[in-house]
Each structure stands twice: as C-alpha cells, then as structure tokens.
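What's counted below: heavy atoms across the whole structure, side chains too, no hydrogens, waters or symmetry copies. Read the numbers this way: they start at 1 and go in the same order the structure lists the ligands and their atoms. One-based numbering along the sequence shown.
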Amino acid sequence: MQLAIDAATAERLAGVRRLGAARIRPLGLEADRLGRPVPPDDPYFQTLLELGLGRTRWSPESSSWKSQKELEVGASRLTLLLAEEQSYWDRGVAVAAPGPGLGEPPLLSMGTDEQRRRFLGPFVAPDRPRWGSFAMTEPGAGSDVAAIRARARKDGGDWVLDGEKSFAANASRADWIVVWATVDPALGRGGHRAFVVEQGTPGLGDFKIEKKMGLKAYESTSFTLRECRVPAANLIGGEGTYAARAGFKGALQSFNATRPLIAAMAVGIGRAALDASLAFAREHERLADPRVRDRLERGARKLRMARLLALRAAWLADHQRPNLTEASMAKAVAPLVAYEVASLGMELLGAVGGRGDHLIEKLFRDVKAMDIVEGTGQIQRIVMARQLVNLPREVGGA
Ligand SMILES: Cc1cc2nc3c(=O)[nH]c(=O)nc-3n(C[C@H](O)[C@H](O)[C@H](O)COP(=O)(O)OP(=O)(O)OC[C@H]3O[C@@H](n4cnc5c(N)ncnc54)[C@H](O)[C@@H]3O)c2cc1C
C-alpha cells in the first residue's frame, strides 16, 4: 500500500522492514511454536536499545508535556506507521519490545514533572532493556472499567493497595506498573486512582503469565496486590488531580492515543495475512479465478480504508484536536477488516490451514485479540453512538 511519506520516515520504515525479516518474524514464529513469551534477556531486546528504540517519548528538556507535544507535530503519525510495520512482521514481538508501554500515556497526561522524571527518566537513554506496564483489567472488570475492585486506602503518608489484576502486558518484567484502584467502589469512576507500583514492592506478587491463543511472543500477566504499600508520591498527578473524576477521564484520554495505535497494528497483521494469501494463491495457481481476485482486492481495499481511519485519528491527536470518535472508529473497523483478510487466507489454505503450521493460521489466531484489547468492538460502537447523539462518554475498556 503506497503512502506519501518523507525521506526520514521512509528510512525508518525500511529499517523496521530489515529488522522484521531478519529478527521480528523468526522470533514471533519461535515464541508461537514454543508457546511462551520472548524471554527478557533475549539479545534482540539489547539490539533494539542499540538502535535507539525502547525509549520514552518524554524529554527532560521540555518544561511541560503540553509544550513538548506542541513541538512534536507528526509524532503520533510516525508512531502509528512504525507500529503498523512492526506488527506486519509480528505484533507479539512488537508489544514485547522494551519501553514504558501503556504505562507512559497516563504519566504523560496526568503525572507531575517529578513523576515523569522518576519513572520515565530511566527510559530516556536506558542502560538495559526496561519495561513499564499498565493494569486496569481485573477478573471481574474488563469493558466495565468502573467495576474495578482493587482497593486503595490512605494510611499516613502511604497508600495501601489490595486486589487482583489480569492480562497486564509485560507486567512481570516491568520496572513499574501503573495500577488503577478505587478508594470506594460506591463512588464509581469518581473513586478511581492511578498508582505507580514499583517492582519488588512488598505485597506485589503472584505473577502468572496467561495462556493465550495468539500473540504469544509477549506476556499478558495476572498478579495480586496484598497490603501493598506505596508512597503518596506514587499517586499519579497527586490527590488534587482526582477532583471531578479526572482519574477516569485520564484513563479515557489515554485510550484516544492508544486506540488508533491498536488499529494500525491490526492493519499490519492484516497486510501480512494479505501478502501471505497472495503468495499462497499464486503458488497454487488460484489467481486466475476472478472470485479469488475479487476477495483479495476487497481485503486490500478495506485495509487501506482502515489505515486511513487510523491516520486521521493520529493527525487529529498531532494537531491537539479532539479525536474521540475517530479513535473509536479506527479501533472498531481495523481489527474486523484484518480478521476478514486472515479468514479469507484460512479459506484459501483449506486443509493446509488445519495443520496449524502455516503463517496465515498464526495470523488468524493473533488477530482475534485486536478486537478485544483497548475496548472491544462493541464498546467502540457504544462510544460512537453516544457521541452521535451528544451523550457524555461513559464506557471504557482497557
Ligand atoms: C491479548 C490481550 C492483552 C491485554 N492487555 C491488557 C493490558 O495490558 N492491560 C489491561 O489492563 N488489560 C489488558 N487486556 C484486557 C482487555 O482490556 C479486556 O479483555 C477487555 O477490556 C474486555 O474485557 P473482558 O475480557 O473482561 O470482557 P467483557 O467486558 O466481559 O466482555 C465480554 C463481551 O461482552 C461485550 N460487552 C461488554 N459490555 C458490553 C456492553 N455494555 N454492551 C455490549 N457488549 C458488551 C464485550 O464487547 C465482549 O464481547 C488484554 C486482553 C487481551 C486479550
């Protein structure tokens, strides 16, 4: 799919492509075969650091995050294009890459300068692969984020956290985890607080890597908090931030940045499925059949449409403009399109797909989660429908 891009972006994409063929795809296939995430000490992660990756977007030179964002016009679009390309080679390996991950947006949008320095500072020029993590989901609270039950209790100068979290990416290897908890479930979203819980804090433990149908190269991890004591300085933004349900709004603002990214990743997986389907159809002399060509063309066309939706949402973010509907639209559309393309690939494969050792079959398993993470497709459609009729935003989903 052609796209007008400048020379610097083209060079960075070419770099990802080289890395993708040589390292990302083979690592993803190996993790899938072995059914375990890429280990944190894999030399690939060190290679990424040497290439200048695995870093934070935050810079210690900027006086505030807002002023830095104003200097960074184009950053969201570039992040999106790189994420799409990495996911083309393997989305699981892309998420396994070191960096502050989904823990970064709440620190950027809600954190104090001091907290950014403390928690994002080590990611400016990391001395070793480092990870951050984000834990909203609980066994009983996914789409309905207001239902989280992890409790936060103030005790002197500390906060004490108790509860269970599930499916948090890279949690067991992370330096810290952004944990969402409630001071009082009866307050609904008004009770939400976000804390940075550092690895090794007493009471943080029971890490268990979940079994997944796809995307096996990165860990999705459950863990518990038992009388887990964190200093007041780790409450993101400080107590004043949480007036007027700002905690919940902060979480939702993060989604406006991350949902277009998930859409771009889905487009990457879909492109990989399309290319593999084209190669299989060519090899098995199926391209002479107009029905096969028609379906392949439909997949290519829909992937391009999905990519444009994601880029539109990123463009709005880059220009400091509201993108709630566009972010949800991209997230609602792209995973389904990628799923459709991977399904077509499975149909073309026929019995070969049933053997479970073809790239398309892996992509078919990988793509399913893209409709689930960062708010399911249903949740995105609820968000858009509420926007359409001017109702306030009320639903989330990590
Ligand atoms: C691979 C993977 C990685 C993940 N990574 C993270 C992470 O890093 N951090 C994190 O915090 N979480 C993470 N999650 C969790 C993810 O955010 C949740 O799975 C998601 O929000 C859905 O929640 P649930 O699984 O509890 O499903 P539920 O909320 O129980 O939903 C089940 C079904 O019901 C539908 N549904 C729910 N509510 C409504 C409604 N009001 N109207 C219509 N339909 C509805 C949903 O769309 C879905 O189809 C991850 C999940 C996966 C699979």
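Taking the charged nitrogens against the carboxylate oxygens, Asp294 and Arg298 do have a contact shorter than 4.0 Å, which makes a salt bridge. Taking a cutoff of 4.0 Å between a charged side-chain nitrogen and a carboxylate oxygen, Glu340 and Arg295 do not qualify as a salt bridge.
Centroid-to-centroid, the aromatic rings of Trp131 and Tyr218 stay 6.0 Å apart or farther.
Every N/O-N/O distance between Ile379 and ligand 1 stays at or above 3.5 Å. Note: an N/O pair closer than 3.5 Å links Phe134 and ligand 1 by distance alone.
With a 6.0 Å cutoff to the six-membered ring centre and a 45° limit on the axis angle, Arg57 does not count as a cation-pi contact of Phe123.
Residues Phe45 and Pro40 come closest through the heavy atom pair CD1-O, 3.4 Å.
Between the side chains of Ser166 and Glu210, no donor N or O sits under 3.5 Å from an acceptor N or O.
Contacts with ligand 1 closer than 4.0 Å are made by side-chain heavy atoms of Tyr218 only, the backbone lying farther away. Contacts with ligand 1 closer than 4.0 Å are made by heavy atoms of both the backbone and the side chain of Ile372.
Proximity annotation for atom 27 (O) of ligand 1: of Gly103, Gly375, Ser143, Ser143 comes nearest, heavy atoms only.
For ligand 1, the atoms sitting less than 4.0 Å from at least one non-hydrogen atom of Ala168 are 7 (C), 8 (O), 9 (N), numbered in the order shown with element in parentheses. Those atoms of ligand 1 with a heavy atom of Thr137 less than 4.0 angstrom away are 10 (C), 11 (O), 12 (N), 13 (C), 14 (N), 15 (C), 16 (C), 17 (O). Near Ala169, meaning under 4.0 Å from one of its heavy atoms, ligand 1 places the atoms 7 (C), 8 (O). For ligand 1, the atoms sitting less than 4.0 Å from at least one non-hydrogen atom of Met136 are 11 (O), numbered in the order shown with element in parentheses. Close approach of ligand 1 to Thr376 (heavy-atom distance below 4.0 Å) involves ligand atoms 22 (C), 46 (C), 47 (O).
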(Q) Show, in sequence, the C-alpha distance, side-chain angles and deciding distance for Arg355 and Glu361, and conclude whether the salt bridge (Lys or Arg N to Asp or Glu O under 4.0 Å) test is met. (A) CA-CA 9 Å; Arg355 281 204 313 248; Glu361 184 271 342; over 6 Å; no

